[in-house]
Protein chains: 2
Amino acid sequence: MRADARKNYEDLLTVARTVVVEQGAGASLRDVARKAGVGLGTLYRHFPTRESLLEALLRESFDGLTTKAIEHETSASPGDALVTWLRDVVTLANDYRDVVASMVAAIDDEDSALHASCVSMKAAGARLLTRAQAAGVARTDIDGADLFALVAALAWLGDQPALAPLADHLFGVIAGSLLVTGAGGDAKVKTKARVAGSKSRP
Amino acid sequence: MRADARKNYEDLLTVARTVVVEQGAGASLRDVARKAGVGLGTLYRHFPTRESLLEALLRESFDGLTTKAIEHETSASPGDALVTWLRDVVTLANDYRDVVASMVAAIDDEDSALHASCVSMKAAGARLLTRAQAAGVARTDIDGADLFALVAALAWLGDQPALAPLADHLFGVIAGSLLVTGAGGDAKVKTKARVAGSKSRP
DNA sequence: ACCTGAACACCGTTCAAGT
DNA sequence: ACCTGAACACCGTTCAAGT
């Protein structure tokens, strides 16, 4: 890649990151090009589709989560491993705005630039689930696809201004109901107690 | 209202209904006006905002759900009443496409045309929840706002093509975890058993 | 090789001009 | 009273023309 091309590529990515954080995954690409001081055609040359731009933005983080999941696969507590990892996924998704719908759409679309990373992540989560189920700490009427959908739904909550304040609590509720509250007992999800009145404060 | 105005109003609504079903809440208003054979200004005269159009489309259904909830308040089984009603809400939301985000946004926006209907619905759901909690069949670490958020998240699943097939099953999972699986026992959510291999069939 | 910006077909929204 | 459509400021996407 030529030096000027590389610089444009990186400038675009830097600008896109802040724009997607602030305005969401549907932000104006024209705006991104403008802010990067680059012609619109240059943006399309480097990122032929919106997904390819998102992919460049998110790939590192996605792959990081996949790696983390693999590490968790050897941890002592399969239940904690699962829940901790799920929380990390939601947190990442909520670092940007409205990326979760793109993520979900990419799962079934082999042509999407986000496809591979999302499929890997989903598979990694599925393995953590299977392990927790094998250990008897997770319910067995759920599979990897269900888990992915639940995490997506929880991440979606964080994107809605009216619901975001509840997202943490609901994560605890859902995560808790994934786990079997039976014999083992060490797999209980710690839900931060909600501060009474935290809603009514000005 | 003049006769021609009334006709335009109704034509717009009829067209909008099918367009929102097919293309979603973000559909082109220009397209709606065009298909209704009406000037674009006429659409804006009758429906100054997109929400006001959605409100006209959904008000009847929303109020119907609120009424239904009130009827449920005197039913014999508070647990069944709650779950049945929640399912109806999700079903309605999934009759259209992508309306759930507008619904959620309206909750906190007093200026939205959808505000009143949504607040009523949320309150009606909250009463069903409170009753179920008082009867000891619903967990008590959830409030009306949480319930509304969970229902919204479940409805959102139905809007995502990749996740919609799982939405029914996950409704059962979430609804089941709202209920206390304790003494009463009659409040268990019947989740349709999933047909093995239903996913892998071509 | 790579960059640029005009060109095209779309939006949402407003508002002067018509009946 | 009500309707219309042009006008404006935006999009996404493509592609001839430049260096």
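Order of the sequence lines fixes the chain letters, A, B, ..., with proteins taken first and strands second; residue numbering starts at 1 for each chain.
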ask   = Is any side-chain nitrogen or oxygen of A:Ser28 closer than 4.0 Å to OP1 or OP2 of D:dC10?
value = no

ask   = What string of B, S and - do you get for nucleotides 1-7 of chain C 5' to 3' if you count protein non-hydrogen atoms under 4.0 Å?
value = BBSBB-B

message = If the condition is ring pair (Phe, Tyr, Trp, His ring centres under 6.0 Å), which residues does A:Trp85 pass it with, not counting sequence neighbours?
response = none

inquiry  = Could you tell me how far apart B:Leu54 (CG) and C:dG12 (P) are, to the nearest whole angstrom?
reply    = 13 Å

ask   = Counting a pair only when it is Watson-Crick or G-U and both distances are under 3.5 Å, which runs of at least 3 such pairs involve DNA chain D?
value = C:4-8 with D:12-16, C:12-16 with D:4-8

Using atom types as modelled, flag every donor-acceptor pair under 3.5 Å from a side chain in residues 115-126 of chain B to any protein atom, sequence neighbours excluded.
| residue | atom | partner | partner atom | Å |
| --- | --- | --- | --- | --- |
| B:His115 | ND1 | B:Ala106 | O | 2.7 |
| B:His115 | ND1 | B:Ile107 | O | 3.4 |
| B:His115 | ND1 | B:Asp109 | O | 3.3 |
| B:Ser120 | OG | B:Ala116 | O | 3.0 |

inquiry  = Regarding B:Ala33, tell me which of base, sugar-phosphate or nothing describes its non-hydrogen contacts under 4.0 Å with the strands shown.
reply    = nothing

key: Pairs involving residues 19-39 of chain B, ordered by first then second residue, that meet salt bridge (charged side-chain N to carboxylate O under 4.0 Å, His left out) (sequence neighbours left out)   = B:Asp31-B:Arg34, B:Asp31-B:Lys35

ask   = Regarding B:Arg131 and B:Ser75, is there a side-chain donor-to-acceptor distance under 3.5 Å anywhere?
value = yes

task = Check whether any side-chain heavy atom of A:Leu179 sits under 4.5 Å from a side-chain heavy atom of A:Val83, and report yes or no.
result = yes

request  = Just jot down the side chain to side chain contact (heavy atoms under 4.5 Å, CB included) partners of A:Glu10, sequence neighbours excluded, or say none.
outcome  = A:Arg6

query = Roughly, in whole Å, what's the span from CZ in A:Phe47 to P in D:dT14?
reply = 16 Å

request  = Check the distance between C:dC10's P and B:Asp31's CG and give it to me in whole angstrom.
outcome  = 10 Å

ask   = Taking only residues two or more places apart in sequence or in another chain, which ones pass ring pair (Phe, Tyr, Trp, His ring centres under 6.0 Å) with B:Tyr9?
value = B:His46, B:Phe47

inquiry  = Tell me every residue that passes side chain to side chain contact (heavy atoms under 4.5 Å, CB included) with B:Lys7, counting only those two or more places apart in sequence or in another chain.
reply    = B:Asp11

ask   = Rounded to the nearest Å, what distance is computed from the CZ atom of residue B:Arg50 to the P atom of nucleotide C:dT14?
value = 13 Å

Scan the side chains in residues 65-72 of chain B for donor-acceptor partners under 3.5 Å anywhere in the protein, sequence neighbours excluded, and list what turns up.
| residue | atom | partner | partner atom | Å |
| --- | --- | --- | --- | --- |
| B:Thr66 | OG1 | B:Phe62 | O | 3.2 |
| B:Thr67 | OG1 | B:Asp63 | O | 2.9 |
| B:Lys68 | NZ | B:Asp88 | OD2 | 3.2 |

message = For a quick test of reading the model: is some side-chain N or O of A:Arg34 closer than 4.0 Å to OP1 or OP2 of D:dC11?
response = yes

query = With sugar-phosphate meaning primed atoms plus P, OP1 and OP2, does B:Ala3 contact a base, only sugar-phosphate, or nothing at under 4.0 Å between heavy atoms?
reply = nothing

key: Distance in angstrom units between A:Tyr44 OH and D:dT13 C1', rounded   = 5 Å

